[in-house]
Amino acid sequence: MKNVLITGATGGIGSALVSIFHKNGYNIFATGTNTEKLKSLKEKYNERLDCLKSDLLDKSQIERIVKTANEHFGTIHILINNAGITKDNL
């Protein structure tokens with residue numbers, strides 16, 4: 001089974017990616033800054049999904065994400081670096 005790490009999983013695109021990969025049988029390690037949305041993802045996709053609150057502006061948190069994801073799944077086959085912000089509030 002393939003393992004995917006999705007950053008920015010609590011936004012619209014990120015949560016859609018979680019849904020698609022979950023439907024296709026992937027193990028998912030999801031990160032984001034919104035604790036409540038991560039909790040909601042975990043409740044919705046309990047199987048094959050683990051979440052970690054993180055802020056990619058902090059380099060030490062990036063290192064923690066990689067370490068934790070590898071410890072949890074053994075290896076990450078796919079990385080989707082979806083985290084980001086917009087200043088136009090769309």
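The residues of the chain are indexed from 1 along the displayed sequence.
- By the side-chain contact (heavy atoms from CB on, under 4.5 Å) test, I13 is found to be paired with L17, N82, residues two or more places apart in sequence or in another chain being considered.
- Separation of atoms OG (S54) and CG (L38) is listed at 8.0 Å; rounding is to 0.5 Å.
- Checked against ring pair (Phe, Tyr, Trp, His ring centres under 6.0 Å), F73 has no partners two or more places apart in sequence or in another chain.
- Sorted by first then second residue, the side chain to side chain donor-acceptor pair (under 3.5 Å) pairs that include residues 3-17, not counting sequence neighbours, are N3-N27, T7-N81.
- Residue pairs meeting the salt bridge (charged side-chain N to carboxylate O under 4.0 Å, His left out) criterion with at least one member in residues 60-72, sequence neighbours excluded, are K67-E71.
- Applying the side-chain contact (heavy atoms from CB on, under 4.5 Å) criterion to S19, with sequence neighbours excluded, gives K23, Y45.
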Between T31 and L5, is the side-chain contact (heavy atoms from CB on, under 4.5 Å) condition met? List the steps. CA-CA 8 Å; T31 71; L5 166 58; 4.0 Å; yes
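- Between N70 and T75, the closest heavy-atom pair is OD1-CA, 3.5 Å.
- The cluster map of Ile, Leu, Val, Met, Phe, Trp and Tyr, joined by side-chain heavy atoms under 4.5 Å apart, puts I78 and I20 in different clusters.
- V66 belongs to no multi-residue hydrophobic cluster, having no ILVMFWY side-chain contact under 4.5 Å with any other such residue.
- Sequence neighbours left out, not one pair with a member in residues 30-54 passes salt bridge (charged side-chain N to carboxylate O under 4.0 Å, His left out).
- By the side-chain contact (heavy atoms from CB on, under 4.5 Å) test, A9 pairs with I6, V18, A30, L41, sequence neighbours left out.
- L79 places none of its side-chain heavy atoms less than 4.5 Å from the side chain of V4.
- Between the side chain of Q61 and the backbone N or O of D55, at least one donor-acceptor pair lies under 3.5 Å.
- Aromatic ring orientation, F21 versus Y26: perpendicular (interplanar angle above 60°, classes split at 30° and 60°).
- Two residues are said to be in side-chain contact when any heavy atoms from C-beta on lie closer than 4.5 Å; I65 and F29 meet this criterion.
- Annotation: side-chain hydrogen bond (donor to acceptor under 3.5 Å, both in side chains) contacts of S60 (sequence neighbours excluded): D58.
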